[in-house]
Amino acid sequence: MLTDGAADERFMREAIVEAQRARDRDEVPVGAVVVLDGVIVGRGFNHPIGSHDPTAHAEIVALREAAGTVGNYRLPGADLFVTVEPCLMCAGALVHARIRRLVYGAPEPRTGAAGSAIPVLDDPALNHRVEVVGGVLEEECRQLMQAFFASRRT
């Protein structure tokens, strides 16, 4: 049986695989997985450019797949693992989906909506609370982003 920390790292590694899929398509390398009862029920990677869809963020794609797998737009008890702290749109989707826990790798100081820039998930006006855990495999997640943007500057 995996401890919570070991399970968190295992599922974050799956999110990293999704981020690499985005990178390989020349999209910003963010990946996500939705886990329910220890099973991945949704996967997603960023692809708004290729899909011509501004909502095609990794989290949204993973939530859509998970909802289809479960047969419900609400995912109570599910955890979402994502390589980079979610933006405002994605944080709102987590609330609407009733995600139990958000686990992210690297913080996003400019647009992160899980506490870095905008503490939206802490807003007392919201009708659902999402537990937030940051920094899981943070260095690996950060390196993926930094390498991607460094390659675009050369």
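Along the sequence shown, residues carry numbers from 1.
Residue Leu126 comes nearest to Val120 through the heavy atom pair CD1-O, 3.1 Å, listed as atom of the first residue, atom of the second, then distance. Looking at every heavy atom in both residues, Ala78 comes nearest to Ile99 through O-CG2, 3.5 Å. The two residues Val33 and Ala15 make their nearest non-hydrogen contact at CG1-N, 4.1 Å. Of all heavy-atom pairs spanning Ala56 and Ser51, the tightest one is CB-OG, 3.5 Å. Across Ala22 and Pro29, no two heavy atoms sit closer than the pair CB-CA, 4.0 Å. For the residue pair Glu140 and Ile16, the shortest heavy atom distance occurs at OE1-CD1, 3.8 Å.
Residue pairs satisfying the salt bridge (Lys or Arg N to Asp or Glu O under 4.0 Å) criterion with at least one member in residues 55-73, sequence neighbours excluded, are listed as follows: Asp53-Arg64. Here salt bridge (Lys or Arg N to Asp or Glu O under 4.0 Å) pairs that include residues 106-129, with residues two or more places apart or in two chains, number zero. Sorted by first then second residue, the salt bridge (Lys or Arg N to Asp or Glu O under 4.0 Å) pairs that include residues 83-98, not counting sequence neighbours, number zero.
If you chain together hydrophobic residues whose side chains sit under 4.5 Å apart, Tyr104 and Leu121 fall into the same group. Follow the hydrophobic side-chain contacts under 4.5 Å out from Met12 and you never reach Val132; the two are in separate clusters. When the side chains of ILVMFWY residues are joined at heavy-atom separations under 4.5 Å, either directly or via intervening members, Val95 and Val35 end up in two distinct hydrophobic clusters. Hydrophobic clustering (side-chain heavy atoms under 4.5 Å, transitive across Ile, Leu, Val, Met, Phe, Trp, Tyr) groups Val30 together with Val34. Grouping the Ile, Leu, Val, Met, Phe, Trp and Tyr side chains by contacts below 4.5 angstrom, directly or via other members, places Val84 with Phe149.
Formation of a donor-acceptor pair under 3.5 Å by the His57 side chain with backbone atoms of Pro48 is not found in this model. Distance alone, capped at 3.5 Å, is enough to place a donor-acceptor pair between the Arg25 side chain and the Arg21 backbone. No donor-acceptor pair closer than 3.5 Å links the side chain of Thr83 to the backbone N or O of Ala19.
Under the side-chain contact (heavy atoms from CB on, under 4.5 Å) criterion, Val133 pairs with Arg101, Val103, Glu131, Val136, not counting sequence neighbours. Listed by chain and residue number, nothing satisfies the side-chain contact (heavy atoms from CB on, under 4.5 Å) test with Asp37 (two or more places apart in sequence, or in another chain). Contacts of Asn72 classified as side chain to side chain donor-acceptor pair (under 3.5 Å), with partners at least two apart in sequence or in another chain: none. His96 pairs by the side-chain contact (heavy atoms from CB on, under 4.5 Å) definition with nothing, not counting sequence neighbours. In this structure, Arg153 has no side chain to side chain donor-acceptor pair (under 3.5 Å) partners at least two apart in sequence or on a different chain. Residues meeting the salt bridge (Lys or Arg N to Asp or Glu O under 4.0 Å) test with Glu9, sequence neighbours left out: none. Applying the side-chain contact (heavy atoms from CB on, under 4.5 Å) test to Arg142 and every residue at least two apart in sequence or in another chain returns Ala106, Pro107, Glu138, Glu139, Gln146.
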Test side-chain contact (heavy atoms from CB on, under 4.5 Å) on Leu75 and Leu36 and set out the steps.
CA-CA 8 Å; Leu75 302 164; Leu36 184 61; 5.7 Å; no
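To the nearest 0.5 angstrom, Cys90 atom SG is 8.0 Å from Leu63 atom CG. Within the model, atoms CG of Leu94 and CG of Leu102 stand 5.5 Å from one another, a figure rounded to the nearest 0.5 Å. Interatomic distance, Arg23 CZ to Leu144 CG, rounded to the nearest 0.5 Å: 6.0 Å.
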Distance-only check: which donor-acceptor pairs under 3.5 Å involve side-chain atoms of residues 40-47, not counting sequence neighbours?
unit_1: Arg43; atom_1: NH1; unit_2: Glu14; atom_2: OE1; d: 3.1
unit_1: Arg43; atom_1: NH1; unit_2: Glu18; atom_2: OE2; d: 3.2
unit_1: Arg43; atom_1: NH2; unit_2: Glu14; atom_2: OE1; d: 2.8
unit_1: Asn46; atom_1: OD1; unit_2: Ala58; atom_2: N; d: 2.8
unit_1: Asn46; atom_1: ND2; unit_2: Val28; atom_2: O; d: 3.4
unit_1: His47; atom_1: ND1; unit_2: Phe45; atom_2: O; d: 2.9

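Think of Ile60 as one node in a network of Ile, Leu, Val, Met, Phe, Trp and Tyr side chains linked at under 4.5 Å; its network also takes in Met89.
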